[in-house]
Enquirer: 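Following this message is one structure expressed as structure tokens.
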There are 2 protein chains.
Amino acid sequence: MTAPATARSEQTRAQIVEAALRLFRERGYAGTTMRAVAEEAGVSVGNAYYYFRSKDELVQGFYDQLAADHRAASAPVLARTTDLGERVAGTLNAWLSIAEHYHAFAGRFFAVAAQPGNPLSPFSSASHAARDAELALWDDVLAGSSTRIAAQLRARLPELLWLYQLGIVLFWVHDSSPGLRRTRELVGRSAPLVARLVRLARLPTLGPVVRQAADLAASLRGS
Amino acid sequence: MTAPATARSEQTRAQIVEAALRLFRERGYAGTTMRAVAEEAGVSVGNAYYYFRSKDELVQGFYDQLAADHRAASAPVLARTTDLGERVAGTLNAWLSIAEHYHAFAGRFFAVAAQPGNPLSPFSSASHAARDAELALWDDVLAGSSTRIAAQLRARLPELLWLYQLGIVLFWVHDSSPGLRRTRELVGRSAPLVARLVRLARLPTLGPVVRQAADLAASLRGS
DNA sequence: CCGCGCATTTGAACGCGTTCAAAACTGAGT
DNA sequence: ACTCAGTTTTGAACGCGTTCAAATGCGCGG
């Protein structure tokens, strides 16, 4: 954010964001110009740039909004079941439901986010608030589950599940099937598998492998 | 490619590609304009567009070149060892060695490639030749290995290893450590783990899980 | 009321990716 | 040599993201 908040500036900012997200949905990202956003918001182009450093930054709201809504939308399934597979699937399906309004411009969003150093990147320090919120959500998925989890793995599982989610998201971005059916199927098939792997991780035979995987996940974090 | 080949056109094309890759390396992708590429190649801007539909398409050569070079660079390690972990690590390290010249603009390349429908996407039909070449390489990594592999998994492993490679590449793109040290460490730690998981996949206890994972990998392929 | 400093707004202009009509080139056939 | 058709080349112009100097608005203190 490039400007400190006053009542007037907050209103202008909100108008711009609202206009942008509406036009992105209607026309796609590429089909929406800054001139159109400014006009729709009732401000000048330069004014839009006073508040947002770039067109790409206009989609920041999408990311933050998603993370906030994800937790709320996941609450029902997390309250209802202790089955790990169901909790994982439910949490992912909650995300899919919220995100579907934005599928039209998700490709652009993730393309931008994939660039190193970009504040929108899920791995960037600028996104740590949203990322931490997601990690906390996955921690809750695990905490409320009846599945016994290998001790060395437990601390790393929120991150591994978050990475799993990113994989689902990547698949979703590329999914052009009606109703995003293929992504939902992928969730339906992979979540039980994930739950099963988590359970199997307690097998003594797999102890060394689990330890290695946990160490590896830890090293991904190293900065 | 937008034009049929004649000797003259091949020469012009080559000049443009050469100029582009040189400038991308020197100035990065964003710092290189099409006007600069055209001037460096000794042609007009419009002429550059006669051969390449967009600035992004100029990096197609990078992708194709990588896939071709990867096989050649992997040959020594594949001839030397039958240990699966070593073959996997060697194959990935070969890629890293070839690709390092292009690290400066890799972020842009992958950002573009991540967009749905983009011909540069590793998942697109336009990239199937390069993708098939990579899959064939991973098949060779497995075929020349002494590790016994679970039958239901074998057919799917080239793809799974390719996806593993994409994960490494994604990490590499974001790696700013000296000499891309962290990526090399990731390879060094994950390749033995992968080899171990492949071996463990033969355990009867893991049979159902392996079958499920193989089915899942197959469904990722759907249409 | 005026002046000041800061916040907000403006819109012309800039640079860049890209387009496209027209010019120039090339090789084959008569 | 000329004509024709196809290929290659050109560079001005377009649209878009973005910038920035100047104008306007606002609140506070004297």
Side-chain angles (χ1 to χ4, degrees), chain A residues 1-21 23-24 26-61 105 107-109 111-113 115 118-120, chain B residues 1-21 23-24 26-61 105 107-109 111-113 115 118-120:
Chain A
M1 304 299 184
T2 56
T6 66
R8 182 62 195 276
S9 67
E10 282 298 331
Q11 182 185 359
T12 306
R13 174 188 296 278
Q15 284 170 332
I16 295 168
V17 170
E18 193 182 316
L21 291 184
L23 289 174
F24 288 158
E26 288 171 17
R27 308 180 185 179
Y29 185 85
T32 303
T33 67
M34 289 302 284
R35 290 163 175 81
V37 171
E39 184 174 347
E40 181 83 7
V43 302
S44 71
V45 172
N47 202 202
Y49 280 99
Y50 178 74
Y51 291 97
F52 299 92
R53 278 174 301 187
S54 68
K55 185 182 177 184
D56 285 339
E57 198 175 289
L58 282 172
V59 301
Q60 178 85 25
F105 67 104
R108 174 67 198 187
F109 177 80
V112 171
Q115 294 192 52
N118 192 298
L120 294 185
Chain B
M1 304 301 183
T2 57
T6 66
R8 184 63 194 277
S9 67
E10 281 298 329
Q11 183 185 359
T12 306
R13 173 188 298 277
Q15 283 170 331
I16 295 168
V17 170
E18 194 182 317
L21 292 183
L23 290 174
F24 288 158
E26 288 170 16
R27 308 179 184 180
Y29 185 85
T32 303
T33 67
M34 289 302 283
R35 290 162 176 82
V37 171
E39 183 173 345
E40 181 84 5
V43 303
S44 71
V45 172
N47 202 202
Y49 279 100
Y50 178 75
Y51 290 97
F52 299 92
R53 278 173 301 184
S54 67
K55 185 182 178 183
D56 285 338
E57 199 176 288
L58 281 172
V59 300
Q60 178 86 24
F105 68 103
R108 174 67 199 186
F109 176 79
V112 170
Q115 295 193 51
N118 192 298
L120 295 185

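Per chain, numbering begins at 1; letters A, B, ... match sequence-line order.
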Enquirer: When the distance from CG of A:L23 to C1' of D:dC16 is rounded to whole Å, what number comes out?
Expert: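 To the nearest whole Å, that distance equals 15 Å.
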Enquirer: Compare side-chain N and O positions of A:T12 against OP1 and OP2 of C:dT9 and report whether any pair is under 4.0 Å apart.
Expert: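 So the side-chain polar atoms of A:T12 do come within 4.0 Å of the phosphate oxygens OP1 or OP2 of C:dT9, strictly under.
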Enquirer: OH of B:Y51 versus P of C:dT18: gap in Å, rounded?
Expert: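 Roughly 18 Å, once rounded to whole Å.
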Enquirer: Starting at OG1 of B:T12, measure out to OH of B:Y51 and round the result to the nearest 0.5 Å.
Expert: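 Taking OG1 in B:T12 and OH in B:Y51, the distance rounds to 4.0 Å.
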Enquirer: It should be established whether B:S44 places a side-chain nitrogen or oxygen under 4.0 Å from OP1 or OP2 of nucleotide D:dT9.
Expert: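 Checking D:dT9 against B:S44, no side-chain N or O comes under 4.0 Å of OP1 or OP2.
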Enquirer: Would you mind classifying the nucleic acid contact of A:V45 as base, sugar-phosphate or nothing, using non-hydrogen atoms under 4.0 angstrom?
Expert: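 Counting heavy atoms under 4.0 Å across all strands, the contact made by A:V45 includes a base.
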Enquirer: Looking only at N and O atoms, is any donor in the side chain of B:R35 or the base of C:dG17 less than 3.5 Å from an acceptor on the other one?
Expert: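 Indeed, a donor on one side and an acceptor on the other fall under 3.5 Å apart.
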Enquirer: Grab the two heavy atoms, one from B:Y49 and one from B:M34, that are nearest each other, plus how far apart they are.
Expert: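 Heavy atoms only, the tightest pair is OH-CG, 3.2 Å.
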Enquirer: So which nucleotide from C:dG17, D:dT10, C:dT10 ends up closest to the side chain of A:N47?
Expert: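 Of all the options, the side chain of A:N47 is nearest to C:dT10.
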Enquirer: Relative to the 5' end of DNA chain D, which residue comes earlier, B:A48 or A:M34, by the nucleotide with the nearest heavy atom?
Expert: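 In this pair, the answer is B:A48.
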Enquirer: Starting at CZ of B:F52 and ending at C1' of C:dT18, how long is that distance when rounded to a whole Å?
Expert: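 Nearest whole value for this atom pair: 15 Å.
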Enquirer: Grab the CZ-C1' distance between A:R13 and C:dT9 for me, whole Å please.
Expert: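 Going from A:R13 (CZ) to C:dT9 (C1'), I get 15 Å.
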Enquirer: Ignoring backbone atoms, test whether B:Y49 places a side-chain nitrogen or oxygen under 4.0 Å from the OP1 or OP2 oxygen of C:dT19.
Expert: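 Result: no.
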Enquirer: Cation-pi between A:K55 and A:Y29: NZ/CZ under 6.0 Å from ring centre and within 45° of the ring axis?
Expert: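 Yes, a cation-pi geometry holds between A:K55 and A:Y29.
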Enquirer: Report the residue from B:V17, B:L23, B:L21, B:V45 that forms a side chain to side chain contact (heavy atoms under 4.5 Å, CB included) with B:V37.
Expert: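 Only one of B:V17, B:L23, B:L21, B:V45 forms a side chain to side chain contact (heavy atoms under 4.5 Å, CB included) with B:V37, namely B:L23.
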Enquirer: So does B:Y50 get a side-chain nitrogen or oxygen closer than 4.0 Å to the phosphate oxygens (OP1/OP2) of C:dC20?
Expert: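 No, because none of the side-chain N or O atoms of B:Y50 sits under 4.0 Å from OP1 or OP2 of C:dC20.
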Enquirer: What integer distance in Å separates B:K55:NZ from D:dC16:P?
Expert: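 The answer, rounded to whole Å, is 19 Å.
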Enquirer: Is there, by distance only and without an angle test, a donor paired with an acceptor across the side chain of A:R8 and the base of D:dG25 below 3.5 Å?
Expert: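 No such pair is found, so the answer is no.
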Enquirer: Can you tell me how far P of C:dT9 sits from CD of A:E39, to the nearest Å?
Expert: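 In whole Å, C:dT9 P and A:E39 CD are 17 Å from each other.
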Enquirer: Working to the nearest 0.5 angstrom, can you tell me the gap between B:L58 CG and B:R53 CZ?
Expert: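 Going from the CG atom of B:L58 to the CZ atom of B:R53 covers 11.5 Å.
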Enquirer: Round to the nearest Å and state the distance from A:I16 atom CD1 to C:dT8 atom P.
Expert: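 One finds 11 Å between P of C:dT8 and CD1 of A:I16, rounded.
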Enquirer: If I take atom CD in residue B:E57 and atom C1' in nucleotide C:dG17, what distance separates them, rounded to the nearest angstrom?
Expert: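 Distance check: B:E57 CD to C:dG17 C1' gives 14 Å.
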